[in-house]
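What follows is one structure encoded as structure tokens, with my remarks underneath.
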Amino acid sequence: MKLKIVTTVILGAMVLCSCGKLVTSENQDKAKKSNTIETINRDERSPREPRMERPEGGRRKYEPVETAQGKLTPLTAFDEFNPNSVTVSFDGSEITIESTGLPNHTTPYWQETDSLYIKPVVAVAQTPGRIGSHRDRSFMLTVSSAPGLAVKSTTTGLGPIGISVTGAPIFNDSEGPNRPLEEKIAETFDYAGGHVGPSGYHYHSESMGVPENTILSHDDEKLVGIMADGFLIYGRKEPDGSYPNDLDKSGGHFGVTPHSNGETNYHYHIINEYYFGNLIVLFGGEFMGSPNNIM
């Protein structure tokens with residue numbers, strides 16, 4: 001298999017855990033489509049009970065969990081990753097994914113001088129900070145080349161829980177300790193389902209089906225990325241265009257994928273359920289394998 005390699009990957013600072021407080025952006029006046037892009041103060045949000053218990057405090061450190069023997073991850077899946085941000089290396093029983101965290105699609109969260117900058121298409125508000133600023137972070141994840149199901153599931157913590165095909169990290173359905181996503185937060189998501197926080201640009205939800213979205217999974221079978229337990233995650237559909245009907249609580253099942261060459265293996269899907277409104281989270285369940293720490 002032809003491996004996609006970038007010549008230089010800079011390992012950045014450790015990832016901070018939450019998306020931070022939303023304050024007025026100094027670029028607010030420039031970030032307009034047909035109406036003014038508003039800012040949001042987190043303190044104005046009404047509290048809501050979380051769907052599941054989240055660890056308090058900083059980024060969670062995962063402990064290894066005993067797993068059953070798993071199948072080899074199809075290596076062709078890594079050809080889907082953005083070669084300008086992601087380097088994948090193979091060492092015996094391990095696969096290491098390193099990323100600059102910089103996506104390869106348009107978003108209003110790029111700096112306005114960048115060629116990938118666009119005015120907001122979906123977002124009606126924006127978090128402060130831009131891609132290409134001091135908030136950007138690099139990531140490294142090392143997983144088993146044959147991940148297996150664990151004897152018990154593990155609740156996801158704050159911060160990155162996976163790396164997407166674009167190179168940007170995947171976050172769960174929380175905005176902070178015991179703070180689930182809310183509509184005011186979702187209003188800051190671009191069409192890719194992402195926004196900027198102290199850890200840089202990251203995704204919470206599935207991308208939107210808008211003309212500007214030319215590469216990201218939306219209600220399809222495309223590869224979304226790899227989770228911290230080593231299992232691949234795909235869009236809402238099966239390769240034949242149907243929706244899976246046997247998913248576990250985390251969206252996982254044994255089945256054929258676009259990369260498994262007709263063989264069944266365990267993998268995740270984005271669960272075809274609305275979190276609220278038109279929001280579908282990328283991953284709101286628990287790790288069904290043994291999670292590794294994304295550094």
Side-chain angles (χ1 to χ4, degrees), residues 1 52 60 62-81 86 88-97 99 139 141-157 160-166 169-173 203 205-206 216-217 219-273 280-294:
M1 182 191 77
M52 59 181 67
R60 179 171 181 175
Y62 297 108
E63 299 296 335
V65 182
E66 182 182 353
T67 65
Q69 179 62 42
K71 289 186 177 181
L72 289 172
T73 300
L75 301 187
T76 55
F78 295 103
D79 287 334
E80 306 286 343
F81 283 73
V86 181
V88 182
S89 57
F90 308 88
D91 182 12
S93 61
E94 292 184 334
I95 301 173
T96 297
I97 303 97
S99 177
F139 304 92
L141 169 65
T142 298
V143 299
S144 169
S145 60
L149 289 173
V151 295
K152 63 178 181 178
S153 61
T154 303
T155 303
T156 61
I161 61 172
I163 297 177
S164 75
V165 292
T166 71
I170 296 170
F171 278 37
N172 65 17
D173 58 345
Y203 305 118
S205 66
E206 182 193 47
L216 292 158
S217 171
D219 194 22
D220 57 27
E221 78 292 346
K222 288 182 182 178
L223 180 67
V224 174
I226 187 167
M227 302 307 294
D229 56 3
F231 291 123
L232 299 173
I233 180 169
Y234 289 85
R236 288 187 265 159
K237 291 182 177 179
E238 299 278 35
D240 64 3
S242 65
Y243 294 106
N245 56 13
D246 61 345
L247 300 180
D248 59 32
K249 64 182 180 180
S250 296
H253 73 158
F254 286 92
V256 173
T257 75
H259 303 101
S260 65
N261 198 27
E263 295 187 7
T264 62
N265 59 9
Y266 186 84
H267 59 277
Y268 297 116
H269 285 273
I270 299 174
I271 296 178
N272 187 37
E273 294 178 358
I280 295 179
V281 296
L282 285 177
F283 194 86
E286 301 182 353
F287 293 121
M288 302 305 285
S290 181
N292 302 277
N293 293 295
I294 299 179

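Here the structure is a predicted model, which means the values were calculated and not measured.
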Atom pair [atom1] ([X]) and [atom2] ([Y]), whose distance is rounded to the nearest 0.5 Å:
X      : Y      : atom1 : atom2 : result
Ser164 : Glu80  : OG    : CD    : 12.5 Å
Thr67  : Met288 : OG1   : CE    : 12.5 Å
Glu238 : His253 : CD    : NE2   : 4.0 Å
Phe78  : Ile226 : CZ    : CD1   : 4.0 Å
Ile161 : Ile170 : CD1   : CD1   : 7.0 Å
Lys222 : Ile270 : NZ    : CD1   : 11.5 Å

List the residues meeting side chain to side chain donor-acceptor pair (under 3.5 Å) with [X], not counting sequence neighbours, and say none if there are none.
X      : value
Tyr268 : Asp229
Tyr62  : none
Asn261 : none

Please check if the side chain of Ser250 supplies one atom and the backbone of Gly252 the other of a donor-acceptor pair under 3.5 Å.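 Side chain of Ser250 to backbone of Gly252: no pair is present.
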Matching residue for Tyr266 among Tyr234, Phe254, Phe287 - test: ring-ring contact (aromatic ring centres under 6.0 Å, His included):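 The residue from Tyr234, Phe254, Phe287 that satisfies ring-ring contact (aromatic ring centres under 6.0 Å, His included) with Tyr266 turns out to be Phe254.
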If I compare all heavy atoms of [X] with all of [Y], which pair ends up nearest, and what's the gap?
X      : Y      : result
Pro64  : Ser290 : CA-OG, 3.4 Å
Phe171 : Pro160 : CE1-N, 3.5 Å
Ile95  : Phe90  : CG1-CD2, 3.8 Å
Pro258 : Glu221 : CG-O, 3.8 Å
Val256 : Gly262 : CG2-O, 3.6 Å
Val65  : Pro291 : CG2-CD, 4.5 Å

Verdict with supporting geometry, Leu149 and Phe231, side-chain contact (heavy atoms from CB on, under 4.5 Å): CA-CA 9 Å; Leu149 289 173; Phe231 291 123; 4.2 Å; yes
side-chain contact (heavy atoms from CB on, under 4.5 Å) between Asp91 and Thr142, worked out: CA-CA 10 Å; Asp91 182 12; Thr142 298; over 6 Å; no
As a test of understanding, state which of Leu216, Leu232, Ile233 forms a side chain to side chain contact (heavy atoms under 4.5 Å, CB included) with Val224.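 That would be Ile233; it is the only one of Leu216, Leu232, Ile233 passing the side chain to side chain contact (heavy atoms under 4.5 Å, CB included) with Val224.
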Taking only residues at least two apart or on different chains, which pairs with a member in residues 254-264 satisfy salt bridge (Lys or Arg N to Asp or Glu O under 4.0 Å)? none
Indicate whether any N or O donor in one side chain lies under 3.5 Å from an N or O acceptor in the other, for Thr73 and Ser145.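 There is no such pair between these side chains.
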Is any side-chain heavy atom of Ser260 closer than 4.5 Å to one of Lys71?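 No; the side chains remain at least 4.5 Å from each other.
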Run the side chain to side chain contact (heavy atoms under 4.5 Å, CB included) test against Tyr243 and tell me which residues pass, sequence neighbours left out.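 Once residues adjacent in sequence are excluded, the partners of Tyr243 under the side chain to side chain contact (heavy atoms under 4.5 Å, CB included) criterion are Asp219, Arg236, Lys237, Asn272.
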Verdict with supporting geometry, Met227 and Val143, side-chain contact (heavy atoms from CB on, under 4.5 Å): CA-CA 9 Å; Met227 302 307 294; Val143 299; over 6 Å; no
For Lys152, give me all partners under salt bridge (charged side-chain N to carboxylate O under 4.0 Å, His left out), at least two apart in sequence or on another chain.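 Checked Lys152 against salt bridge (charged side-chain N to carboxylate O under 4.0 Å, His left out); zero matches.
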